[in-house]
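Notes to accompany the following structure.
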Amino acid sequence: MDRAHPSKRERMHGLPRKRCLLSAACVLVTATVIVLALNVSQNLRGRPVGMHADRLHYSNGSRTLRFNVCNGFTNQRLSIMFGVLAAARTGRAILLPKLIVDGREWQGRSADDNAWVDFDHVFNEQHFKSAMQLMSIAVVSEDDTPASITVHTKDLESATAAQVPHVSVGCLLFKLRIGHNERQLMKAVFKALLPSPFIEEFVLDAVGQLPSFNFLHLRIEKDWMEHCAVWSSITDGQVRDNCLNNSNNIHDIIQSFGFNKNTSMMLETYWEDVDTETNYFSAVKHLSGVGYKICTLGEVLSPLLRSRFTALERDLRAAVIYFVAMNAERFIGNSVSTFAALLIMERRSAGKWAAYYNGGNIPLSQFIPGMLRLPWVFAHTDHGSHSTSTAGYDYMVKAAVRSAIIVDSLDMYCIFLGTADSEIAQWLTKHNVTMIYHIPAWKNEFERIYHSSQAAKNAGFSHLYANLEMMFGTYLRVDIPIMPEFEQFTYVFYSDTDALFLRSLTLEEFPLPLPRTISMAYEVPSDFPYNAGVMLVNVPALRKQHKELVHAMLYSDLNDGFHYGRYGPGDQGALNMFFEADLKAHLLPEKFNAKPYKNPDAESFLVHFHGPKPHDYLEFLQQGRCRFGKLCEMGISHAACSYLRSFARLACDNSEGNNNTYTDCEQARQIFAACNRRLMTF
């Protein structure tokens, strides 16, 4: 699109805006390195490398670190990042490595046999030096540095190496475990690796020729097929089931992600290794057949640059393609490919749209934590018109959001039933929650059925039945897969607002294989139907079945005033009814949905105040009764007070001043005091 506004150079650097050449065999080498990386990174002096991640030192030219890069453009980009982290940990300046332009490790050649170029041939060296200086990392030249002594990677942080002023190591790719406090530096390195003027010329030409485009990085090469067979057969206990998914029906996947057919689709792969008689023409034929305008980078470039681009070595072409892809309106690729995986991470980190077509997880993300945040979705209704602050949920949603902010691994989204000027909506917005004001297309039909079926008769199952607005609010999550805010995501994490995050949560924490549609944990009994208060949601899969789900939710023969017989009440019953087989196949471990009335688990990521809420437990502690009867007693005799003490600390944040009502803070103090008294009696 012709946006006036950013210059081509600005667009490329990603300032104003709200793989193709990495061969499969080279990715196989990367995957093999990934499999072994955890074992290697466990030992610098026999301890996890991350033990030293707390100690980032200022560097100067008196102590230096030389490091090599591994083959492949993406691996080189990653190698530089790991090299900078190693320099920061050991208080050394860095010498910029030479880069490989044609790294085909699978042909039996080592990096020493490949052609090398200076750092500034691929990346903007001056910009990189300036950016590193802001992070207290010095970059020194070869001429200013004496000869260095080679040190084994595992000894880099040893006392012996510390006595050596100038050291040299091999490629550090995946050999350091990145600490939480190193994530800012990690991101700074990636942001600093901008294209050199040589690479930038190609990128600016492409962006100028095609100002608005989407980008598909499709893995259909012959050696990718071989790589997937080997990668999937690695026997280390990990599930690897998403290497080739959806390659043959890419046109259906692209449509399901909502790609605009009026926007050109740039399609790239490693063309020299593609069977053009089958895979290539099949993909192009099907994409064109459903209305997409397909082009390649070679076709887009001006004639002079096109011939120069074709003559480039493979890793230089990869660099051009990488930076062109960074400028696309949307990007989609294969998450098993390190090329596509890093693009997805860098684009999302920069606030740009990025997705993957093959489902499952992104294997690379476990080795560079912090680049991908898990979308956390919750629904909330403004209860102000029919509920007191204590009985309503506002005080709980505030505590939930504060806990999410503390664990610092989640992007927060609220599907909100209410107005933007309400007190709670303003509070959520102030705390960086993305607000979604969504009115479902099925709202009127829902209201008609609610009244005609006398749904309020089911109030004995849940207090929500007594109020149409509250009942309707719980069903909003059914529309998660069709909301534009979640279009790029493969998985989102949903929870009710009566929950607290206990530690950092990312997609990598969930067991593989990931659910085909949704997964839930047990409720009170360890049996089906399951509890929908916490779910891992496969967005593309639910998007395909959304119409059928809504129809079943409204018109199933089991729907008796929005109670679904043996499947239970409300939207939880509807979800259990519709996804019964998938739910039973992918049970969510209870550490993702810990309950106060069960035994505490130190490994839990989230506690869900299912049933009794904090104010119910307070009533029980003070008066010996609560509306949930034995569940309150079970909670107090198990883990409730442990969790309630954490809740009380979050329910009233003194730093927010007037944003806390007296009732919320007084209730928090009473909960804390009552639990302290209870714990002191044992």
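A cation-pi contact, defined as under 6.0 Å to the ring centre and within 45° of the axis, links K584 to F528. F259 carries R330 over the face of its six-membered ring, with the cationic atom under 6.0 Å from the centre and within 45° of the normal.
Environment of NZ in K544: sparse, with no more than 12 heavy atoms of neighbouring residues, nucleotides or ligands closer than 6.0 Å. Heavy atoms of other residues, nucleotides or ligands lying less than 6.0 angstrom from CD of Q184 number 12 at most. More than 12 heavy atoms of other residues, nucleotides or ligands shown are found within 6.0 angstrom of NZ on K187.
Taking the ring pair (Phe, Tyr, Trp, His ring centres under 6.0 Å) definition, one finds that H127 meets it with nothing, sequence neighbours left out. Under the ring pair (Phe, Tyr, Trp, His ring centres under 6.0 Å) criterion, H251 pairs with H286, sequence neighbours left out. Residues that satisfy the ring pair (Phe, Tyr, Trp, His ring centres under 6.0 Å) test with F202, not counting sequence neighbours, are F198. In this view, Y491 and N538 satisfy the side chain to side chain donor-acceptor pair (under 3.5 Å) rule, not counting sequence neighbours. Residues passing the ring pair (Phe, Tyr, Trp, His ring centres under 6.0 Å) test with F605, sequence neighbours excluded: F592. Listed by chain and number, the residues in a side chain to side chain donor-acceptor pair (under 3.5 Å) with D118 are K98 (sequence neighbours excluded). For D411, the salt bridge (charged side-chain N to carboxylate O under 4.0 Å, His left out) criterion is met by R373, not counting sequence neighbours. Every residue two or more places apart in sequence or in another chain was checked for a salt bridge (charged side-chain N to carboxylate O under 4.0 Å, His left out) with D252, and none qualifies. Under the rule for a salt bridge (charged side-chain N to carboxylate O under 4.0 Å, His left out), the partners of R477 that lie at least two apart in sequence or sit in another chain are D496, D571.
Taking 4.5 Å as the limit, some side-chain heavy atom of P369 sits within range of a side-chain heavy atom of R183. Side-chain contact check for V203 versus N327: some heavy-atom pair is nearer than 4.5 Å. Two residues are said to be in side-chain contact when any heavy atoms from C-beta on lie closer than 4.5 Å; F73 and R317 fail this criterion. Counting heavy atoms from C-beta on, the side chains of V69 and L78 never come closer than 4.5 Å. Counting heavy atoms from C-beta outward, L342 and Y322 have side chains that approach closer than 4.5 Å.
Aromatic rings from F331 and F215 are positioned such that their centres are separated by under 6.0 Å. Aromatic rings of Y357 and F257 (six-membered ring for Trp) have centroids beyond the 6.0 Å cut-off, not under it.
Screening F119, F190, F123 for a ring pair (Phe, Tyr, Trp, His ring centres under 6.0 Å) involving F128 leaves a single residue, F119.
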For this session: Tell me, with the steps shown, if L96 and E125 meet side chain to side chain contact (heavy atoms under 4.5 Å, CB included).
Result: CA-CA 9 Å; L96 295 177; E125 182 173 333; 3.6 Å; yes
Problem set entry | salt bridge (charged side-chain N to carboxylate O under 4.0 Å, His left out) assessment of R77 paired with E346 | CA-CA 12 Å; R77 196 169 175 86; E346 290 204 58; 2.7 Å; yes
Exercise. What do the steps show when you test N576 against M520 for side chain to side chain contact (heavy atoms under 4.5 Å, CB included), and what is the final call?
Worked result: CA-CA 9 Å; N576 273 281; M520 306 177 189; 4.0 Å; yes
Exercise. Run the side chain to side chain contact (heavy atoms under 4.5 Å, CB included) check on L244 and R219 step by step: do they pass?
Worked result: CA-CA 8 Å; L244 287 172; R219 301 315 306 260; over 6 Å; no
Problem set entry | Candidate pair T269 and E221, rule side-chain hydrogen bond (donor to acceptor under 3.5 Å, both in side chains), full reasoning | CA-CA 7 Å; T269 188; E221 308 94 329; 3.0 Å; yes
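A salt bridge does not link E329 with K352: every distance from a Lys NZ or Arg NE/NH1/NH2 to an Asp or Glu carboxylate oxygen is 4.0 Å or more.
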Under 3.5 Å, which donor-acceptor pairs link side chains of residues 506-517 to any protein atom two or more places apart or in another chain?
from : atom 1 : to   : atom 2 : distance (Å)
T506 : OG1    : E508 : OE1    : 3.2
E508 : OE2    : S365 : OG     : 2.4
T517 : OG1    : D582 : OD2    : 2.8

Listing, residues 303-311 side-chain donor-acceptor contacts under 3.5 Å, not counting sequence neighbours, or none:
from : atom 1 : to   : atom 2 : distance (Å)
R306 : NE     : G298 : O      : 2.7
R306 : NE     : L301 : O      : 3.3
R306 : NH2    : E299 : O      : 3.4
R306 : NH2    : L301 : O      : 2.8
S307 : OG     : L304 : O      : 2.8
R308 : NH1    : E201 : OE2    : 3.3
R308 : NH2    : E201 : OE1    : 3.3
T310 : OG1    : R306 : O      : 2.9

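Sorted by first then second residue, the salt bridge (charged side-chain N to carboxylate O under 4.0 Å, His left out) pairs that include residues 256-266, not counting sequence neighbours, number zero.
Ring-plane geometry between W224 and H227 is classed as tilted, the angle between the planes lying from 30 to 60 degrees on a 0 to 90 degree scale.
The closest side-chain donor-acceptor pair between N246 and N358, if any, does not fall under 3.5 angstrom. Residues R240 and S232 bring no donor and acceptor atom of their side chains to less than 3.5 Å of each other. With 3.5 Å as the limit, one finds no donor-acceptor pair spanning the side chains of S196 and N124.
Rounding to the nearest 0.5 Å gives a distance of 9.0 Å between CD of Q255 and CG of L287.
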